[in-house]
*Asks:* 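The following block contains the structure, expressed as structure tokens.
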Amino acid sequence: MTVTLADVAARARVSPATVSRVLNGNYPVAASTRERVLRAVDDLDYVLNGPASSLAAATSDLVGILVNDIADPFFGIMAGAAQTQIGGPGDGSGRAGGEKLAVICNTGGSPERELTYLTLLQRQRAAAVVLTGGAVENPAHQAAMSAKLAKLADAGTRIVFCGRPPLPEGDALVAALTFDNRGGGRRLAEHLVSLGHRRIGYVAGPPERTTTRHRLEGHREALRAAGLDAAPAGADRDRSSDDQERLTVHGPYDRRSGYEATLELLRRAPDVTAIVAANDTVALGACAAVRDQGMRIPQDISVAGFDDLPFSVDAVPALTTVRLPLFGAGARAGRLAMGKENPPPGGIATIAAELMIRGSTAAPRG
């Protein structure tokens, strides 16, 4: 049964007018009253009607694009590409046909903020939602996401994942476009091993993110396949797993993390001859840390990144990295969100990653 504004008012023990004022934010309301109303809204899962023009339709002209950080080119490229398929043709006519209004929702990497935006989009009867980037691997958050996405889908919202794997309960999705992060991580490590590197440090992303886990798993798969014992020469092979952890430092996906984590790696293992960074931005920080320690790239230490962001080829030396087709993936997600393209078989498509070998990696000295 549909929950009404009157139901919320009764639950919160206020008038319907007060509920309306809280939800519309157009009139001052006491903080305690506002909190009581919002708690009732959450308890009853009340969905506020969107603009009057959308009341007769199942959904509005709104499409939400969720990103971790719009300032990060990884997310900015995908969001911009999706918007090209969602927004108008840009022909100067000013007319709107079947286009939608794309709204970028910047979560800052917060799982709570992600759920909040989905609730707001549900209240606005969004026509579609595109969620970009890796997901948080937390059972409670995954369950909350599954429940929220199911409600959105039941209301007619099209849901597309771009750059993240489907949830364990992923029936609500139109499609999930996943990047081959494992394969990319594996090929990058294989490249370094083929050059002769045996001690490879790894600057990883946040441990709770799917992207972090998949890239690190691919990296370690390649080391195992090459028969490399990550323990120092002469050490017990039983220590190899512990040493792999010692050669891995986790942190945010930003330049500062790359700088500080690289200094920590060099302190832990001065004998490393190569460093793999979680992404290209982190790799820039790693390169700066290496230079500040008086070493050269790649003569003393090789450095590699991931994603092939636009600045990677202009770094000095140009950055060896793994290319992900971010613009193509974002545009495809936009078409799927708009119903312009049929979903892939089974609703899941894995997008290939390509190794880009450039000047920042070379054979170790000696």
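Position 1 is the first residue of the sequence; numbering continues from there.
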*Asks:* Hey, does the Lys NZ or Arg CZ of Arg164 hover above the aromatic six-ring of Phe161, less than 6.0 Å from the centre and inside 45° of the axis?
*Replies:* yes
*Asks:* Mind listing the closest non-hydrogen atom pair of Val14 and Thr33 along with its distance?
*Replies:* CG1-CG2, 3.9 Å
*Asks:* Using every non-hydrogen atom in the two residues, find where Pro206 and His250 come nearest and quote the distance to one decimal.
*Replies:* C-ND1, 4.3 Å
*Asks:* So do Arg198 and Leu228 actually touch side chain to side chain, heavy atoms under 4.5 Å?
*Replies:* yes
*Asks:* Where the side chain of Lys340 meets the backbone of Gln85, is there a donor-acceptor pair that is under 3.5 Å apart?
*Replies:* yes
*Asks:* Please report the closest heavy-atom contact between Ser60 and Ala127, naming both atoms and the distance.
*Replies:* O-CB, 3.3 Å
*Asks:* Between Arg213 (side chain only) and Pro207 (backbone N and O only), is there a donor and an acceptor less than 3.5 Å apart?
*Replies:* no
*Asks:* Is the shortest side-chain N to carboxylate O distance from Asp307 to Arg215 below 4.0 Å?
*Replies:* yes
*Asks:* Are there over 12 heavy-atom neighbours, none belonging to Arg256, within less than 6.0 Å of that residue's CZ?
*Replies:* no
*Asks:* With rounding to the nearest 0.5 Å, note down the distance linking CG in Leu118 to CG in Leu66.
*Replies:* 5.5 Å
*Asks:* Apply side-chain contact (heavy atoms from CB on, under 4.5 Å) to residues Ile159 and Val174 and explain how you reach the verdict.
*Replies:* CA-CA 5 Å; Ile159 300 164; Val174 169; 5.5 Å; no
*Asks:* If you take all heavy atoms of Thr178 and Pro165, which pair is closest and at what distance?
*Replies:* CG2-CA, 3.5 Å
*Asks:* Does a side-chain heavy-atom distance below 4.5 Å link Leu120 with Thr116?
*Replies:* yes
*Asks:* Quick one: OG1 on Thr210 to CD on Glu137, what's the gap to the nearest 0.5 Å?
*Replies:* 5.5 Å
*Asks:* Going through the checks in order, is the side-chain hydrogen bond (donor to acceptor under 3.5 Å, both in side chains) test met by His141 and Glu114?
*Replies:* CA-CA 10 Å; His141 179 65; Glu114 189 171 58; 2.9 Å; yes
*Asks:* Contact between Thr107 and Tyr117 at the side-chain level, heavy atoms closer than 4.5 Å - yes or no?
*Replies:* yes
*Asks:* For Asp300, enumerate each residue passing the salt bridge (charged side-chain N to carboxylate O under 4.0 Å, His left out) test, keeping only those at least two apart in sequence or located in another chain.
*Replies:* Arg296, Arg365
*Asks:* Can you find a side-chain donor-acceptor pair between Lys148 and Gln122 that sits under 3.5 Å?
*Replies:* yes
*Asks:* Given side chains that start at C-beta, do those of Thr119 and Val41 come closer than 4.5 Å, heavy atoms only?
*Replies:* no
*Asks:* Cut-off 3.5 Å, side chains only: do Thr361 and Thr320 have a donor facing an acceptor?
*Replies:* yes
*Asks:* OG1/Thr4 to CG/Leu44 distance, rounded to the nearest 0.5 angstrom?
*Replies:* 9.0 Å
*Asks:* Looking at side-chain heavy atoms only, is the closest gap between Asn68 and Phe74 below 4.5 Å?
*Replies:* no
*Asks:* Report the distance from atom CZ of Arg220 to atom CG of Leu247, rounding to the nearest 0.5 Å.
*Replies:* 9.0 Å
*Asks:* Quiz question: by atom type and distance under 3.5 Å, do the side chains of Asp280 and Ser312 form a donor-acceptor pair?
*Replies:* yes
*Asks:* Please report the closest heavy-atom contact between Pro317 and Arg291, naming both atoms and the distance.
*Replies:* CD-NH2, 3.7 Å
*Asks:* Identify whether the distance between the nearest side-chain nitrogen and carboxylate oxygen of Asp180 and Arg186 falls below 4.0 Å.
*Replies:* no
*Asks:* Give the C-alpha distance, both sets of side-chain angles, the deciding distance and a yes or no for side-chain contact (heavy atoms from CB on, under 4.5 Å) between Leu355 and Leu188.
*Replies:* CA-CA 7 Å; Leu355 177 64; Leu188 189 54; 3.6 Å; yes
*Asks:* Assess, by modelled atom type and distance only, whether the side chains of Tyr253 and Thr212 contain a donor and an acceptor separated by less than 3.5 Å.
*Replies:* yes
*Asks:* Give a yes or no on this: more than 12 heavy atoms of other residues, nucleotides or ligands lie within 6.0 Å of atom CZ of Arg34.
*Replies:* no
*Asks:* Listing request: all ring pair (Phe, Tyr, Trp, His ring centres under 6.0 Å) pairs with a residue in residues 184-222, at least two apart in sequence or in separate chains.
*Replies:* Tyr202-His219
*Asks:* Yes or no on side-chain contact (heavy atoms from CB on, under 4.5 Å) for Leu115 and Met145, after CA distance, side-chain angles and deciding distance?
*Replies:* CA-CA 7 Å; Leu115 287 168; Met145 284 288 290; 3.7 Å; yes
*Asks:* Mind running salt bridge (Lys or Arg N to Asp or Glu O under 4.0 Å) on Glu264 and Arg267 for me, showing each step along the way?
*Replies:* CA-CA 5 Å; Glu264 175 63 18; Arg267 184 191 67 79; 2.5 Å; yes
*Asks:* Is there a side-chain contact between Phe306 and Val282 (heavy atoms, below 4.5 Å)?
*Replies:* no
*Asks:* Only counting residues at least two apart or in another chain, list the ones meeting salt bridge (charged side-chain N to carboxylate O under 4.0 Å, His left out) with Arg323.
*Replies:* Asp308
*Asks:* With side chains defined as the heavy atoms from C-beta onward, is the minimum distance between Val19 and Pro16 less than 4.5 Å?
*Replies:* no
*Asks:* Are more than 12 heavy atoms, taken from residues, nucleotides or ligands other than Asn342, located less than 6.0 Å from that residue's CG atom?
*Replies:* no
*Asks:* Check whether any side-chain heavy atom of Asn106 sits under 4.5 Å from a side-chain heavy atom of Arg113, and report yes or no.
*Replies:* no
*Asks:* Work out which heavy atom in Val8 is nearest to a heavy atom in Val37; give both atom names and the distance.
*Replies:* CG1-O, 4.2 Å
